[in-house]
Asker: 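Quick one: structure below, then a few questions.
Keep in mind it's a predicted model, so treat the numbers as computed, not measured.
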Amino acid sequence: MYKILLLMSFSITLIAQNFKGQEPIKPVDTRSRPTLERWKGRVELGDVIIENKFEGGACEQPYLDSTGAICIPIVPENEPINSSPWYAFRISTEEHREVEIKLIYPSKYKHRYDPKWSGDRVHWHQLGGKSSGSEYTFYLELSNRPLFVASQPLFTSSDVYRWILDLTGSEPLKIGNTPNGLPIPYFEIGNKSSKRQLVFLGRQHPPEVTGHKAMQYFIEELSQLPEFTDNYHALVLPLLNPDGVDAGNWRHNSRGVDLNRDWYEFHQDETRLVRDFLKNWVQGDLIFSIDFHSTYEDIYYIVNPDLKKGRTRFVEEWIKTSSKHLPDYSPHIKPLYFEPPTSTAFSYLFETYGTEALVFEIGDKTEDEFIRKKSRASARELVEILKKY
C-alpha cells in the first residue's frame, strides 16, 4: 500500500505541474435564469430497466441505437455553464449479462467524469471506457440486482444529514431554506465562548464530491483535537447548494446560477442566507475560512499576498507544513483573488472580515486514501500553525 501511495502521490505531482489552474474570475450576471425541465422516470429497453428517480439522479431518457447499445443523453440544467457533466442512474436486467452503454453529450461538451458503479451507494468501483467525440462508451456486467452508475459517488442531502448526525450526535440546524424548500444545514464545533472563529463551507457546485470528502475528513479530524475544540469556535456549512445536488445539476442551483459567482450582488437565496447568518454569528476575530471544491487536479487558490499587508499571513506556511506529511507531494498554490468585486465566497470573506481565506480544491480523480491523508494532516497542522498567531 505504501508503494502504491508513493506512486500515486508522484503521479499527482507530475500532473499538477501541467495543470495551470483557473484564471482570475470575472464578474457574471447572477440573476435567476430558467432551467430545463429534465427527464425523471423509468424506462424498459428490452430486459434492461433504467431509472433516475432518486436524489442526485440525472440523465435524459435512454434509448437503444441500431447496434443495440444503450444510449444515455446527458444535458446541463441550462447554459452557459462550466463543463462538469453530471449523470447518475440505476440499471438492472432480468438475466446476468454484459451491456454496452454510451453516454451522449451535447456536441460542445466532452466527457469528464469516468463512471463508477455501486450496489449499495457506499462502496464504489471505477469503470473504464473510451471517448469518441461527444460519446463515451463503457461496458457493465448486470443482473437483476440494480446497480447505481454515477459520474462521482453519490453524496446527497440525506447523506450529509446522516454524516452530521453521526459526527455530532445531533440533527443539523439550518440557516434557512432554498428556493425548493430544502434546508441549508450547519453545525458548530469547538468552544462557543471563544472569540477566535473559523468558517468552513462547501458543495456550492454539485459534482464536486472529492472536495466534499476532503471537508469531511478535515472536520472529523479537527473535531477530535482538544487543542482545537477547547480554544476555537468553527462554523461548518457543508452543503450550500442542496437543490443543485439533489437535482443532479452540473453546476448551478435551482434558479440556474453558479452560487460561487454571487458573493457580490447576492441575487440568490443561498448566498444571502449565508451572508446574513454570518453577520450575527461572527462575534470575535474570524481568523480563517476555507471553501472546499473539486477541479481537474489538486490546487490551493489563495488571496494575492500583496493584498494582505498589515494582516495575518499564515496560509502558505500552513500548506507547506501540511504537505510534508505526504511523500513526494508538491502543493500547487495559485493566487486567484486580486481585486474587487468579490464574486466568490473566499474573496467575500477576505474583504468583509479580513480573514485568511483559501479555496481547497481536490482533483476529480484524486484517490480517496490520498484525500484522507492530506485532509487530516492539514487539520492537525492548522492547529499547530494557529498557535503562532
Side-chain angles (χ1 to χ4, degrees), residues 9 13 16 187-202 211 214-238 278 281-293 298-338 342 344-362 370-389:
S9 302
T13 303
F187 62 98
E188 298 169 274
I189 57 174
N191 182 352
K192 292 186 179 180
S193 65
S194 173
K195 298 300 183 181
R196 304 199 75 194
Q197 297 182 296
L198 302 92
V199 171
F200 307 112
L201 62 154
M215 171 182 264
Q216 282 187 289
Y217 292 134
F218 184 89
I219 297 301
E220 288 167 2
E221 188 71 16
L222 273 186
S223 66
Q224 297 172 19
L225 300 174
E227 286 183 290
F228 183 83
T229 56
D230 290 347
N231 299 300
Y232 302 94
H233 181 202
L235 173 68
V236 185
L237 294 154
L278 286 173
W281 187 85
V282 177
Q283 296 294 322
D285 181 15
L286 186 61
I287 55 178
F288 194 28
S289 59
I290 304 179
D291 187 14
F292 289 85
H293 285 265
D298 288 25
I299 190 169
Y300 298 95
Y301 289 121
I302 64 172
V303 172
N304 178 12
D306 291 342
L307 298 179
K308 299 182 185 180
K309 294 176 181 177
R311 302 188 187 188
T312 300
R313 296 175 60 172
F314 62 79
V315 162
E316 292 94 330
E317 181 184 354
W318 168 66
I319 293 170
K320 291 173 182 177
T321 57
S322 301
S323 300
K324 290 179 181 179
H325 298 274
L326 307 170
D328 299 313
Y329 175 71
S330 298
H332 189 176
I333 306 170
K334 181 176 182 178
L336 188 62
Y337 177 67
F338 296 86
T342 59
T344 61
F346 97 114
S347 60
Y348 169 77
L349 291 167
F350 168 77
E351 290 285 7
T352 305
Y353 295 99
T355 179
E356 276 277 44
L358 175 78
V359 183
F360 194 113
E361 297 254 12
I362 297 292
F370 186 80
I371 298 173
R372 184 187 67 81
K373 290 177 73 72
K374 178 178 181 177
S375 303
R376 293 193 182 279
S378 298
R380 294 191 299 270
E381 287 298 328
L382 178 61
V383 174
E384 294 303 313
I385 210 83
L386 288 178
K387 294 177 183 178
K388 302 179 184 180
Y389 296 92

Asker: Tell me, do Tyr300 and Val315 make a side-chain contact under 4.5 Å, heavy atoms counted?
Answerer: no
Asker: Can you list the steps and then say if Ser289 with Tyr353 is a side chain to side chain contact (heavy atoms under 4.5 Å, CB included)?
Answerer: CA-CA 10 Å; Ser289 59; Tyr353 295 99; over 6 Å; no
Asker: Where the side chain of Thr355 meets the backbone of Leu349, is there a donor-acceptor pair that is under 3.5 Å apart?
Answerer: no
Asker: Less than 4.5 Å apart, any side-chain heavy atom of Asn191 and any of Asp230?
Answerer: no
Asker: Strictly distance-based, threshold 3.5 Å: is any side-chain N or O of Ser194 a donor or acceptor partner for the main-chain N or O of Asn231?
Answerer: yes
Asker: Say whether Glu317 and Tyr389, considering side chains only, have a donor N or O and an acceptor N or O under 3.5 Å apart.
Answerer: yes
Asker: For Phe314, does its backbone N or O pair with a side-chain atom of Glu356 as donor and acceptor, under 3.5 Å?
Answerer: yes
Asker: Taking side chain as C-beta onward, heavy atoms only, is Leu326 less than 4.5 Å from Lys373?
Answerer: yes
Asker: Any chance you could lay out the side chain to side chain donor-acceptor pair (under 3.5 Å) test for Tyr232 and Arg196, step after step, and finish with the verdict?
Answerer: CA-CA 5 Å; Tyr232 302 94; Arg196 304 199 75 194; 3.2 Å; yes
Asker: Is the shortest heavy-atom distance from the side chain of Phe346 to the side chain of His293 under 4.5 Å?
Answerer: no
Asker: Pick out which of Phe228, Phe292, Phe288 makes a ring-ring contact (aromatic ring centres under 6.0 Å, His included) with Phe218.
Answerer: Phe292
Asker: What are the two closest non-hydrogen atoms of Val303 and Lys308, and how far apart are they?
Answerer: O-CE, 3.8 Å
Asker: Under a 4.5 Å cut-off applied to non-hydrogen side-chain atoms, are Phe350 and Thr344 in contact?
Answerer: no
Asker: Checking Thr342 against Thr352 for the side chain to side chain contact (heavy atoms under 4.5 Å, CB included) test, could you report, in this order, the C-alpha distance in whole Å, the side-chain angles of both residues, the deciding distance, and whether it holds?
Answerer: CA-CA 9 Å; Thr342 59; Thr352 305; 6.0 Å; no
Asker: Taking Glu381 first and then Lys324, would you say they form a salt bridge - that is, a charged N and a carboxylate O separated by under 4.0 Å?
Answerer: no
Asker: One pair to check against side chain to side chain contact (heavy atoms under 4.5 Å, CB included): Leu198 and Leu382. What are the steps and the verdict?
Answerer: CA-CA 11 Å; Leu198 302 92; Leu382 178 61; 4.1 Å; yes
Asker: Between Glu221 and Ser375, is any pair of side-chain heavy atoms under 4.5 Å apart?
Answerer: no
Asker: Taking side chain as C-beta onward, heavy atoms only, is Arg380 less than 4.5 Å from Leu225?
Answerer: yes
Asker: Return the minimal non-hydrogen interatomic distance between Pro331 and Ile319, and the atom names on each side.
Answerer: CB-CG2, 3.7 Å
Asker: With Lys195, which residues qualify under salt bridge (charged side-chain N to carboxylate O under 4.0 Å, His left out), at least two apart?
Answerer: none
Asker: Which atom names give the shortest non-hydrogen contact between Pro335 and Pro305, and what distance separates them?
Answerer: CG-CD, 4.4 Å
Asker: In terms of ring plane angle, is the pair Trp281 and His233 parallel, tilted or perpendicular, where the classes change at 30° and 60°?
Answerer: tilted
Asker: Just wondering, are more than 12 heavy atoms of other shown residues or ligands nearer than 6.0 Å to NZ in Lys387?
Answerer: yes
Asker: Check whether Thr321 reaches the backbone of Trp318 with its side chain - one donor and one acceptor, N or O, closer than 3.5 Å.
Answerer: yes
